[in-house]
Amino acid sequence: MFKMMTTLIRGRSHDMAEAITDANALPILQQQLRDAANGLAQSKRAVAVVMAHAKREKQSATNVERQLADLEDRALDALQKDREDLAMEAASAIAELEAERGACETAIAQYEGEISKLREQVTLAERRLRALQRGKQIADAAQRTQKLRGTMPDGVLTSLREAENTLERLQARQFHSEEVETALADLNASSSAEAASARLAAAGCGAPLRSEAADVLARLRSKTTASA
């Protein structure tokens, strides 16, 4: 039972750690990239230090070569002048310089090999860092887009729907008002024409608009006479 509880606690701790990591993946990635960039800068500095050492060794080798050439000329001159003692002294110095030259050449070869390897590593690291930085930018943009998509349905889209409904109601009222105004205009125009016709008819201008009682009685009498 105790072992099972321990396993359960470990499992939940792992799940919690995974959840925290997933929720903070972008900040974690940003810090990891900063750490990688700092490490890359230190690596570049290390390469520069090795290159400086190699440069000094090459300068030392150049100096040794110059000294060897000078001593050999002097040793040959001493031999020509039968100065065996000076020639032997020069030969001893030449032997030491040749040993030093060998050590310089070995050091230079090691430095150059190390510089070549470090340059390759730095170049590869720079390429990987640039790829990660581009990936981080894409992930950042995707996260911003996801956040925007998550907020739009509750805010922007609702406001847009409400505005569209309001506009539809406003347009409907405006259309109805225009119809009412048109009908009133037609009604007023018709009423004005009828009033004018009535006044003209009452003044004896044109046919009367309505039949008088005498006219009706005369029409009835004419029908009776016709039927007789």
Side-chain angles (χ1 to χ4, degrees), residues 6-7 9-11 13-147:
T6 302
T7 303
I9 292 172
R10 290 172 56 198
S13 298
H14 177 75
D15 292 341
M16 186 178 297
E18 289 288 334
I20 293 173
T21 301
D22 292 339
N24 298 277
L26 190 56
I28 292 173
L29 176 60
Q30 290 173 342
Q31 184 58 47
Q32 289 172 336
L33 289 178
R34 283 192 291 268
D35 293 340
N38 292 333
L40 181 58
Q42 293 176 1
S43 297
K44 286 184 175 180
R45 185 171 181 81
V47 175
V49 170
V50 175
M51 291 175 67
H53 286 307
K55 184 178 181 180
R56 282 198 297 269
E57 287 295 336
K58 290 178 181 179
Q59 290 174 346
S60 298
T62 300
N63 293 333
V64 168
E65 289 292 344
R66 186 172 58 252
Q67 290 175 348
L68 280 171
D70 181 68
L71 282 173
E72 285 179 359
D73 290 340
R74 294 180 185 279
L76 291 173
D77 190 35
L79 288 173
Q80 289 175 357
K81 293 178 179 180
D82 295 329
R83 292 294 305 271
E84 292 288 339
D85 56 333
L86 293 177
M88 180 58 68
E89 182 179 352
S92 177
I94 288 172
E96 292 180 1
L97 286 173
E98 287 178 345
E100 185 176 351
R101 181 179 61 185
C104 287
E105 290 174 349
T106 301
I108 290 170
Q110 291 177 348
Y111 280 135
E112 288 181 345
E114 191 67 22
I115 289 170
S116 178
K117 292 179 182 178
L118 290 174
R119 280 181 178 274
E120 291 179 0
Q121 292 175 358
V122 167
T123 300
L124 178 60
E126 285 180 330
R127 189 180 302 118
R128 293 173 64 184
L129 181 60
R130 285 195 296 269
L132 286 169
Q133 288 172 340
R134 287 194 295 269
K136 191 268 293 182
Q137 292 175 350
I138 295 172
D140 187 32
Q143 187 178 67
R144 293 176 184 274
T145 303
Q146 290 173 356
K147 288 182 179 179

Please set out all donor-acceptor pairs under 3.5 angstrom arising from side-chain atoms of residues 27-44, sequence neighbours excluded.
from: Gln31; atom 1: OE1; to: Arg34; atom 2: NE; distance (Å): 3.2
from: Gln31; atom 1: OE1; to: Arg34; atom 2: NH2; distance (Å): 2.8
from: Gln31; atom 1: NE2; to: Asp35; atom 2: OD1; distance (Å): 3.0
from: Asn38; atom 1: ND2; to: Arg34; atom 2: O; distance (Å): 3.2
from: Ser43; atom 1: OG; to: Gly39; atom 2: O; distance (Å): 3.0
from: Lys44; atom 1: NZ; to: Glu126; atom 2: OE2; distance (Å): 2.4

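Between the CG atom in Leu97 and the CG atom in Leu68 there is a gap of 4.5 Å [rounded to 0.5 Å].
Within the structure, the side chain to side chain donor-acceptor pair (under 3.5 Å) test picks out the following pairs touching residues 101-115 (sequence neighbours left out): Lys58-Glu112, Glu65-Arg101. Residue pairs satisfying the salt bridge (charged side-chain N to carboxylate O under 4.0 Å, His left out) criterion with at least one member in residues 88-97, sequence neighbours excluded, are absent.
Applying the side chain to side chain contact (heavy atoms under 4.5 Å, CB included) rule to Leu124 yields the partners Arg127, Arg128; only residues at least two apart in sequence or on another chain are considered. When the salt bridge (charged side-chain N to carboxylate O under 4.0 Å, His left out) test is applied to Arg56, no partner is found at least two apart in sequence or on another chain. Remark: Asp82 engages no residue in a side chain to side chain donor-acceptor pair (under 3.5 Å) (not counting sequence neighbours). Every residue meeting the side chain to side chain contact (heavy atoms under 4.5 Å, CB included) condition with Asp77, not counting sequence neighbours, appears here in chain and number order: Gln80, Lys81. With sequence neighbours excluded, the residues forming a side chain to side chain contact (heavy atoms under 4.5 Å, CB included) with Met51 are Val47, Ile115, Arg119, listed by chain and number. Not a single salt bridge (charged side-chain N to carboxylate O under 4.0 Å, His left out) links Asp73 to another residue, sequence neighbours left out.
Here the closest heavy-atom approach between residue Ala87 and residue Ala78 is recorded as N-CB, 3.9 Å.
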